[in-house]
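Because the structure is a prediction, the values reported are computed rather than measured. Lettering of chains follows the sequences in order, A, B, ..., and the numbering in each one begins at 1.
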There are 2 protein chains.
Amino acid sequence: MSSDIWQFSQRAAALQSSAIREILKVTELPNVISFAGGLPSPNTFPIEKIKHAVDIIMDSDEAFSALQYGPTEGYTPLREWVKNQINQRENTHYTTDNVLIVTGSQQALDLIGKALIDNGTKVLVETPTYLGGLQTFTQYAPHYVSIASDEQGLDPDKLSDDDAKAANFLYTIPNFQNPTGRRLSAERRKKLAQKAIKNNLLMIEDDPYGELDYQGHRLPSLISFAPENTVYLGSFSKILAPGMRLGYVVGPESFIRKLVQLKQAADLHTPSYTQHIAYQVVKEGYLASHIPTIRELYKTRCEFMLTQLEKYMPKTVRWTKPEGGMFIWVELPEHIDTTVLLAEAIKHNVAFVPGETFFATNPKRNCLRLAFVTVPEERIEKGIQILADLIK
Amino acid sequence: MSSDIWQFSQRAAALQSSAIREILKVTELPNVISFAGGLPSPNTFPIEKIKHAVDIIMDSDEAFSALQYGPTEGYTPLREWVKNQINQRENTHYTTDNVLIVTGSQQALDLIGKALIDNGTKVLVETPTYLGGLQTFTQYAPHYVSIASDEQGLDPDKLSDDDAKAANFLYTIPNFQNPTGRRLSAERRKKLAQKAIKNNLLMIEDDPYGELDYQGHRLPSLISFAPENTVYLGSFSKILAPGMRLGYVVGPESFIRKLVQLKQAADLHTPSYTQHIAYQVVKEGYLASHIPTIRELYKTRCEFMLTQLEKYMPKTVRWTKPEGGMFIWVELPEHIDTTVLLAEAIKHNVAFVPGETFFATNPKRNCLRLAFVTVPEERIEKGIQILADLIK
């Protein structure tokens with residue numbers, strides 16, 4: 001690299017290509033049973049509905065605006081739809097000015113990192129937490145403080161007032177968290193929100209999986225308890241289609257205004273074309289009938305995987321029992337390093353994501369994440385059996 | 001702002017909301033004759049062709065991959081198409097690994113700023129240059145050095161070896177530059193490339209307007225003279241539709257690999273959906289018949305505006321005579337401040353972009369940029385007449 005005619009910035013030079021990501025590239029081969037991906041099931045993509053939406057747009061004058069540059073804030077009718085959804089569900093009082101459409105909620109994480117992190121800024125995260133959030137924030141060189149979690153999610157009692165005061169924000173995924181599948185309990189949501197208000201702490205509430213609640217009874221979001229202390233990230237990736245790259249940010253107006261400035265520099269605006277399609281699909285309530293079909297599929301698949309874990313895993317192995325979402329978190333006996341296990345598993349054509357990558361500090365080496373929604377049942381059984389044998 | 005519970009990062013706090021952008025918001029009203037926008041003409045959007053492409057995708061199994069997560073590098077067939085186009089046109093020898101698809105070439109600028117600029121990094125820019133490039137790079141706090149330009153574009157003789165050696169890169173738009181409409185002469189391209197090679201200087205060659213050459217005879221790009229010293233940015237915004245937000249980066253493989261890491265953190269990948277559509281549209285050579293229709297429209301509109309400038313403007317006013325692209329750059333007598341003039345012009349329902357925003361250093365206050373491609377001829381005449389009266 002030293003012969004390059006350019007010099008990478010410190011932030012760029014510090015970026016490592018992930019060894020695990022390289023290993024996982026082989027899992028795209030069709031003979032590999034992969035529990036590694038975070039992909040939604042393509043069976044849930046509403047292809048006919050999207051096709052119909054495109055036809056309506058392209059057969060009218062709307063085609064011109066769907067294909068033209070648009071405002072950085074996003075397509076106004078889609079922003080209004082988001083605002084109405086959130087206000088109705090969470091009993092909040094946002095206006096359209098509180099909403100920014102982003103090119104997938106990963107972009108929201110990057111804009112938030114840019115907006116809030118200087119070298120050494122204190123950032124609170126869950127233990128473990130979303131790998132993509134860590135990768136993005138790390139570019140801006142924060143000082144992470146990991147807050148302990150248990151079966152009910154992040155534990156507000158383990159968040160000290162001192163840390164809450166000193167941190168610029170807390171990053172959390174209250175619903176069916178990636179990687180653990182855990183949901184923050186109702187009581188803890190309230191307690192966390194109170195702690196945030198008391199200590200002037202900003203919470204980034206990342207919620208890509210909130211609608212994937214198998215029983216269909218959502219818990220109130222952090223924004224409903226502490227709207228002035230919370231920036232909420234929503235996504236169409238798991239309820240419509242991730243290939244659209246559509247997400248949104250809802251938060252205090254002065255915060256959204258700053259994100260708009262940063263987004264303008266980042267990509268001018270989210271594609272008008274996909275925003276128009278998404279609005280056309282959702283505007284008349286289609287999701288109310290569509291989302292239950294996703295929940296049903298994911299619930300069945302999750303229950304099946306839990307049954308196989310029960311059937312094959314040795315007694316020393318523990319795992320989460322998700323009430324929604326796409327992931328199960330497995331804890332093995334302490335002497336097993338799951339990165340080593342992965343190399344073995346791949347030789348037997350099975351893949352998963354080792355747990356250590358999901359920790360901001362002090363990685364645990366004996367955990368792993370299993371994704372189940374894209375794997376057919378017979379392959380789930382076979383894959384779990386192979387993993388169990390390797391663990392034994 | 002001091003009452004906010006969060007603290008913006010230094011880079012975010014330094015971002016100013018542009019006063020001119022605020023003024024120009026009024027220009028979206030239908031009674032305003034706006035020469036301010038940088039929008040392509042919606043008459044050039046190939047609506048039927050896109051509709052047909054969507055039908056083909058949505059009626060086949062391709063729908064599933066068009067709606068699913070995709071690789072950060074971009075949709076492989078589209079990357080291959082880009083590689084082939086460039087190699088054929090520029091006589092280069094790139095492989096698909098030299099190509100990254102981005103969410104509009106504005107994103108390429110942001111990723112490049114992130115990759116190459118630390119606080120105080122020396123960056124060479126044209127005088128004047130693209131506003132959106134400056135806004136994006138400025139987030140990362142570079143030290144700008146402006147290189148003088150004249151009618152033939154950037155002047156390589158004004159670029160000293162010392163500056164070329166000390167800078168991490170040069171940012172340039174050789175074809176029908178934004179804001180001046182100028183094209184870098186063939187001789188200067190060669191000279192600039194030689195200077196870059198001699199001094200180990202990286203050039204960022206931004207080329208959104210290259211295909212909009214009214215006579216249809218492109219000059220060779222900087223990549224054809226100095227491929228190892230050049231990163232090339234292309235865009236579908238002006239030849240297909242900007243609402244798709246599709247651009248690409250072509251450059252040395254180790255550079256592309258770093259951009260891929262940064263892009264993954266920025267938005268995971270460019271929407272699969274729009275990439276599949278674009279590929280479906282272009283794969284069988286559609287652009288070869290489509291682009292000449294855009295050139296013809298823009299040429300006619302440009303000639304018409306030049307005629308009106310000739311007819312109405314006082315003798316003290318000078319302007320560029322573009323051979324392609326979307327912009328004319330107008331220089332007024334030195335005592336006229338075009339930001340003040342804009343406020344007057346808007347009272348008369350005419351808008352343009354004052355020139356000062358396009359300078360990285362030492363802004364000239366007596367220049368302005370006129371965009372002509374979206375304004376009908378009768379309104380061009382009326383608008384220029386009003387501007388000329390105000391200047392007199």
So which heavy atom on [X] is nearest to which on [Y], and how close?
X      : Y      : answer
A/D110 : B/A265 : CB-O, 3.7 Å
B/H269 : A/R245 : CE1-CD, 3.3 Å
B/Q106 : A/Q264 : CG-O, 3.8 Å
A/Y69  : B/G38  : CE1-O, 4.0 Å
B/I47  : A/L67  : CG1-CD1, 3.8 Å
B/F64  : A/F45  : O-CE1, 3.6 Å

Check step by step if side-chain contact (heavy atoms from CB on, under 4.5 Å) holds for A/Y273 and B/L246.
CA-CA 11 Å; A/Y273 197 69; B/L246 279 176; over 6 Å; no
Give, as side chain, backbone, both or neither, the part of [X] having an atom under 4.5 angstrom from any heavy atom of chain A.
X      : value
B/A13  : backbone
B/I277 : side chain
B/N229 : both
B/L15  : both
B/S237 : side chain

Exam field: side chain [X] to backbone [Y], donor-acceptor pair closer than 3.5 Å:
X      : Y      : answer
B/K258 : A/F8   : no
B/Q68  : A/P40  : yes
A/S9   : B/D118 : no
A/N168 : B/Q7   : yes

Under a 4.5 Å heavy-atom cut-off, does chain B meet the side chain of A/F255, its backbone, both or neither?
both
Would you indicate whether B/E228, at its atom CD, is surrounded by more than 12 heavy atoms from other residues, nucleotides or ligands within a distance under 6.0 Å?
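Counting other residues, nucleotides and ligands, CD of B/E228 stays at 12 neighbours or fewer.
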For a 4.5 angstrom cut-off between non-hydrogen side-chain atoms, does B/D55 reach A/D55?
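Yes. Closest side-chain heavy atoms under 4.5 Å.
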